[in-house]
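What follows is a single structure, written as C-alpha cells, with notes after it.
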Amino acid sequence: MGQSNNKNNGAKTELIPGQLGLWSLMFMTVAAIYPMAMAVSNASAAVSYSGFAAPLVPLIGALLILFATTPILEYARIAAFAGGYYGLVELGFGITTGKFLGLFRIFYDVFFDSLTATAFAYEIYTTFYVLFHYEISGWILIFMTIVFLVLMYLFTVINLRVAAWTNNIIQILQIVILIAFSIYVILKTPYNSLSAFNPYVAPGGLSGFFLGVVLAGFLFYTGYGAPLYLSEEGVEPFKNVWRAIAYGVILTALLGVLTMYSEVVGIGPKNVSSLSSVLNPGLSAYVPYLGLIAGVIFSIIAWLGQLMGGVAPGLGGVRDIYALARDRFFGERFSSWLVKINKYGVPGNSASLNLILGIITTIIIEALMIYYYGLPQGAFYALFLSGSNVVAYWFILHLLSDFGLTSFYYKTKILFKNIRNILVAIVAPIGAAVVFLYSFYMGYSSLPEPYFGGFLFVIASLIFSAIYVAILRKRGARWESYITKKVKLE
C-alpha cells in the first residue's frame, strides 16, 4: 500500500500485528463453530433429518471439512491477509475476480450475523418454553436479535486481546459443561447403542442423512476460517493460523459427536422422533437426568457461547470490509472512512457498516418467517433459512478459493514442483469440488420452502456481485491489491 496510505488525514489505518497467539486463534475457530450448537440450534436439524444417526453428522462433517479445507490451510501457510478468501482468489484469478469474491463474501457475513443472532434469540425462546412453558412473543424475539447484534458489535470494536481472552474463557466453560453433562447422561441412560453410528437408520435413509449433514454438519463448521481473517493481527501467522483452524475443527468434532450421542441415547431410539420435534433437543434430553438447575446453567453457558459464536465470524466480516476498503474498492471517500482504525486498534467504522447490514438482514428474515409461519415454526425457519444460505454461500466461496490456489501455484511455476504441491493444489481442490457438489446436490436438490427461496437469493446475490464489479471495472475503477504484499512462498 505504501506509506502514504498508512494515514488518512492523520487517522490510523493499519491493523496491529502480534496480538493473538495459537490458542486464542484456535478458540476463535471453536467459537465460530460453536460447540453447543450440537446440543441446541444445529441439533434440531441434525436430529430432524438424521434421527438416531445424528452423532455421525458432526463426524462426517468434520472429515469432509478437513479434506476440503486443505487448500485454505495451505493458503494460511503462505499469506497473512485480513481479507481472507478473496486474497487467495485474487492471487489466482486476478484483481477483478478477487474483489468480486470479497463483495460476495459480505452477503455471507451478514447472513452469518443473522444466523447467530436468530440462534441466540431462538435459544432464549426455547429455554423459556421448555423449562418454564412460557412462549415469548415475536416482537420480543426480534428485539433480542437486535440486542445480540449490538453486543456482538461492541466486541468487534474493543481491544482485540480483551475480546479474545473473554472468548477463551467462554469456550473453556462450554467445553467443560458439554463433556460433564454428556458423560453423565451416557453413564445413566439404558439406551447406549452403536446403531447411533449407522447412517441408514436416519428417517429418510442415506439421502435424509446427507440432508442433515448439509443443514447441520456443514453448517456446524462454516465459521471455521475465523482465524484466517485475524492473521495480520496474529503471532507468527504463517505458523499458527493453519494449526489453529485444524485444532479447532478436530476439537469441536469430538465434542459434537459426544454431545449428539448423549442426546439421542439419553432419550432412546424409540423416542428419538419426539426429540426431533421439540424446540431444544439438548435441553429436553438433559433436564430429565440433570434437573432444572443444571438446565438453567446449561442455557446460560449456551447463550454466552452463542454470543461469541457471532463475535468470532463477525470479527472476520469486519476485516473483510476493512480489507476491501484498504484496497479502495468502495471509492476513495467511503474507503477512507471504512479503513480507519479506532483508539482500540480495530476498524470501528467497518464494524458499524457490518452492524447496520446485519440488523437489516436479520429483521427482514425474522419478520417474514414469523408473519408467514407464526411461532414457534417461524423462529425455526428464520434460523435455518439463514443457516442454509450460509452453507450455500460458503460452498461457492470455497470452490473458487480452492482453485485459486491451483491457479496461483501454476502462475508462480511451483504447481508441479513436488508431490506435495500437486496434492494440495490439484488433488485436494478437485476432491473438495466433488465432495461439495455431491453434498450440495444431496442437500439442495429436494430443498423445501422457505429454504429454496433463500437459495434463489444466494444465486441472485452472486449475479449481482459479478455484474456490479464488472461495471466498476469497466468504468475504470483503480483498486489496489494488498494481498500481493502479504505472501511468503517458501
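Just the heavy atoms: all of them, side chains too, but no hydrogens, waters or symmetry mates, feed the values below. Each residue takes its place number in the sequence, starting with 1. Everything numeric here is computed off the predicted structure, so don't read it as measured data.
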Reported CD-to-OG distance for the pair Gln306 and Ser299, which is rounded to 0.5 angstrom: 12.5 Å
Close side-chain approach of Met308 to Tyr34, heavy-atom, < 4.5 Å: no
Point-to-point distance, once rounded to the nearest 0.5 Å, from OH of Tyr153 to CZ of Phe148: 15.5 Å
Ring-face cation contact, Phe81 with Arg319, 6.0 Å cut, 45° max: no
Whether Asn240 side chain and Val235 backbone form a donor-acceptor pair below 3.5 Å: yes
Donor-acceptor contact below 3.5 Å, side chain Ser24 vs main chain Gly21: no
Evaluation steps, ring pair (Phe, Tyr, Trp, His ring centres under 6.0 Å), between Tyr451 and Phe455: CA-CA 6 Å; Tyr451 308 125; Phe455 175 68; over 10 Å; no
Distance in Å, Leu25 CG paired with Glu236 CD, rounded so as to fall on 0.5 Å steps: 11.5 Å
Heavy-atom neighbours of Leu187 CG exceed 12 at 6.0 Å: yes
Whether Tyr229 and Tyr85 hold their rings parallel, tilted or perpendicular, with breakpoints at 30° and 60°: perpendicular
Derivation and outcome, side-chain contact (heavy atoms from CB on, under 4.5 Å), residues Tyr286 and Tyr184: CA-CA 9 Å; Tyr286 289 162; Tyr184 184 84; over 6 Å; no
Donor-acceptor pair, side chain of Thr118 and main chain of Leu115, under 3.5 angstrom: no
Flag, side chain of Thr29 to backbone of Tyr224, donor-acceptor distance under 3.5 Å: yes
Arg77 side chain to Leu73 backbone, donor-acceptor under 3.5 Å: no
Check: Phe330 main-chain N/O paired with Ser335 side-chain donor or acceptor under 3.5 Å: yes
Pro58 backbone acceptor or donor facing Tyr221 side chain under 3.5 Å: yes
Side chain to side chain donor-acceptor pair (under 3.5 Å) between Thr361 and Asp113, intermediate numbers included: CA-CA 8 Å; Thr361 303; Asp113 289 344; over 6 Å; no
4.5 Å side-chain heavy-atom contact, Ser401 and Leu101: yes
Test log, rule side-chain contact (heavy atoms from CB on, under 4.5 Å), inputs Phe298 and Met36: CA-CA 9 Å; Phe298 180 87; Met36 279 191 167; 3.9 Å; yes
Basic-acidic side-chain contact under 4.0 Å: Glu232, Arg326: yes
Greater than 12 external heavy atoms within 6.0 Å of Phe197's CZ: yes
Verdict with reasoning, Leu462 to Val458, per side-chain contact (heavy atoms from CB on, under 4.5 Å): CA-CA 6 Å; Leu462 178 72; Val458 172; 5.7 Å; no
Aromatic plane relationship, Phe107 with Phe104 - under 30° parallel, 30 to 60° tilted, over 60° perpendicular: tilted
Flag, side chain of Thr69 to backbone of Leu66, donor-acceptor distance under 3.5 Å: yes
Value rounded to 0.5 Å, distance of CE in Met144 from CD1 in Ile140: 7.0 Å
Phe128, CZ: over 12 other non-hydrogen atoms inside 6.0 angstrom: no
Under 3.5 Å donor-acceptor, Asn167 side chain and Phe27 backbone: yes
Stepwise side-chain contact (heavy atoms from CB on, under 4.5 Å) test for Leu290 and Phe181: CA-CA 8 Å; Leu290 295 159; Phe181 282 24; 3.5 Å; yes
Criterion side chain to side chain contact (heavy atoms under 4.5 Å, CB included) against Leu255, the qualifying member of Ile175, Ile33, Val30: Ile175
Side chain proximity check, Leu251 to Tyr247, heavy atoms < 4.5 angstrom: no
Neighbour count >12 (heavy atoms, 6.0 Å) for atom OH, Tyr191: no
Criterion side chain to side chain donor-acceptor pair (under 3.5 Å) on Tyr344 and Arg161, from CA distance to verdict: CA-CA 10 Å; Tyr344 301 110; Arg161 281 198 179 100; over 6 Å; no
Rounded distance (nearest 0.5 Å) linking atom CG of Leu385 with atom OG of Ser114: 7.5 Å
Distance-only side-chain donor-acceptor flag, Glu366 / Thr145, under 3.5 Å: yes
Value rounded to 0.5 Å, distance of CH2 in Trp165 from CG in Leu20: 10.5 Å
Mutual orientation of the aromatic rings belonging to Tyr468 and Phe464 [parallel < 30°, tilted 30-60°, perpendicular > 60°]: parallel
Worked check of ring pair (Phe, Tyr, Trp, His ring centres under 6.0 Å) between Tyr393 and Phe111: CA-CA 9 Å; Tyr393 280 116; Phe111 270 93; 5.6 Å; yes
Exam field: side chain Tyr322 to backbone Asn349, donor-acceptor pair closer than 3.5 Å: no
Ring geometry between Trp337 and Phe334 (parallel below 30°, tilted from 30 to 60°, perpendicular above 60°): parallel
